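This report concerns only the one structure given below.
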Amino acid sequence: MPDPGPSPLWPSLPTAASHALTLPTAPAVPIAPAAPAAPGSGPVAPPLTDLERILRGPSGLGTAGLSLVPRAEPPVPEKPAVPAEPAEGRPIPGLYFHPVPEPDPARVAEVSRRIKEWAVDEVDLFPEDWEGEFDGFLVGRYMVACHPDAPTVDHLMVATRLMVAENAVDDCYCEDHGGSPVGLGGRLLLAHTALDPLHTTAAYQPQWAESLHADAPRRAYRSAMEYFVRQATPSQADRYRHDMARLHLGYLAEAAWAETDHLPEVWEYLAMRQFNNFRPCPTITDTVGGYELPADLHARPDMQRILALAGNASTIVNDLYSYTKELASPGRHLNLPVVLAERESLSEKDAYLKAIEVHNDLMRDFEAEAAALAAACPVPSVLRFLRGVAVWVDGNHHWHRTNTYRYSLPDFW
Ligand SMILES: CC(C)=CCC/C(C)=C(\C)COP(=O)(O)OP(=O)(O)O
Ligand SMILES: [Mg+2]
């Protein structure tokens, strides 16, 4: 399939400039003053007003497509502090995706430095022998690719800590770092209280507070959430808690099926994967971008469908890129190609190719619905949020494609 180029969502979304002039309010208001420029956040520019900053969009490398107004002049390419690593990995043949610019290497270096410091010094996340795997996860590159409009490195760190914490829970409770389906419900519920606190009597509160330090997943959730709520509005924090409850429900269904050796129908698998899903990551794009999509706009059914489609496409990308890793893991690891092969009696290759088509349909539906909502509701915060979600989807693909430490493609071509 020929490279489809940058997301078609960009040109089809109306620019916000004219709307901003006629709207009674300027909805895409920042939720916090931008913090002082941090190392790796680019050269110091004259201060912009809040509205100018939002309408101009991000100014980092490769972010021109995020601008909501035409830029007066093309942005001067910033000289990277360290040379950009060449992107490795090849895309899956036939996969519908949009390439992204190589994430700003100075930001990547700074986020990578800070996240390691947080993991080691603040939450004691991993024993020494997991360090290589932590580094190989390349979470700094991941988050910088997914959030090019983050105003500062502090904003990026909010997303990065949550991403690490979410993966720690998945690895340590569910998967190959001591995880098991047995007893998962109890572990997940107690960890969920690090995000959605227990409110109980004075006699029992201290034991609960102490429990949040009892293991690495809970330490990570507790700390990452503490940073997040400082940056987020109450409704953004509530949105995130809801998305994480969805995620935990998905983990539980996967675990229940593993315990009973149940092989789901394809549609059942897709339903489980809609919950065991990346959704909590793109839906914080506004917090990380320093503005808020108001709760009533987030709750619109068309927005909800768009978020589900974006999360599902992103998660099937994981099924495709992690296919060989999961085949090599002990037992039967469910992913879309595996379920298609079993349930539709397809060869491994045909099942994999069909999973690509499922992904491509989800991506096209996501883009069509997002473009329709942008046309129907051209509010600046909606436009910026939709772009943020689309950029997250593209950055997620970029990270999967280039993380050759973690993923490799099957030999089907
Ligand atoms: C970051 C986040 C919210 C993750 C939640 C669920 C999750 C770990 C994925 C959607 C990734 O899928 P998977 O567990 O298959 O990950 P790997 O293939 O092991 O990378
Ligand atoms: Mg996977």
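Numbering of ligands and ligand atoms starts at 1, following listing order. Predicted model only: the values in this text are computed from it and were never measured. Side chains are part of it too, since the values below use all heavy atoms of this structure and drop only hydrogens, waters and symmetry mates.
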- Message: What I want to know is whether N318 and ligand 1 share at least one N or O pair that is separated by under 3.5 angstrom.
- Response: yes

- Message: Quick check: E326 and ligand 1, any N/O pair under 3.5 Å apart?
- Response: yes

- Name of the E326 N, O or S atom nearest the Mg ion (ligand 2)? OE2

- Note on the structure: Candidates R279, R273, K325; heavy atom nearest atom 19 (O) of ligand 1 found on K325

- Among D170, V317, N276, which one has a heavy atom closest to atom 6 (C) of ligand 1? N276

SB check [X] [Y] (cutoff 4.0 Å):
X	Y	value
R114	D121	no
R273	D319	yes
E110	R107	no
K116	E131	yes
R387	D149	no

- atom 2 (C) of ligand 1: nearest protein contact (heavy atom, Å): E166 OE1, 3.8 Å

- Item | For atom 20 (O) of ligand 1, closest protein heavy-atom neighbour | Y407 OH, 2.4 Å

Does at least one non-hydrogen atom of [X] fall below 4.0 angstrom from an atom of ligand 1?
X	result
M244	no
Y321	no
R406	yes

Considering only heavy atoms, does [X] approach ligand 1 within less than 4.0 Å through its side chain, its backbone, both, or neither?
X	value
N167	side chain
N335	neither
Y251	side chain
C174	neither

Can you list the atoms of ligand 1 that are under 4.0 Å from a heavy atom of [X]?
X	result
C281	1 (C), 3 (C)
M163	1 (C)
S322	18 (O)

- Are the ring centres of F97 and H359 closer than 6.0 Å? no

- Message: the Mg ion (ligand 2) and N335: any N/O/S contact shorter than 2.8 Å?
- Response: no

- Query: Counting only heavy atoms not in W267, do more than 12 sit closer than 6.0 Å to its CH2 atom?
  - Reply: no

- Could you tell me whether D411 atom CG has more than 12 heavy atoms of other residues or ligands within 6.0 Å of it? no

- Message: Using the Mg ion (ligand 2) as the vertex, how large is the angle between OG of S322 and OD1 of N318, rounded to 10 degrees?
- Response: 90°

- Do the ring planes of Y321 and H397 sit parallel (below 30°), tilted (30 to 60°) or perpendicular (above 60°)? perpendicular

- Message: Using a 6.0 Å distance limit plus a 45 degree cone around the ring axis, check whether R218 lies over the aromatic ring of Y221.
- Response: no

- Query: Looking at F137, is R406 sitting on its ring face, NZ or CZ under 6.0 Å from the six-membered ring centre and within 45 degrees of the normal?
  - Reply: no

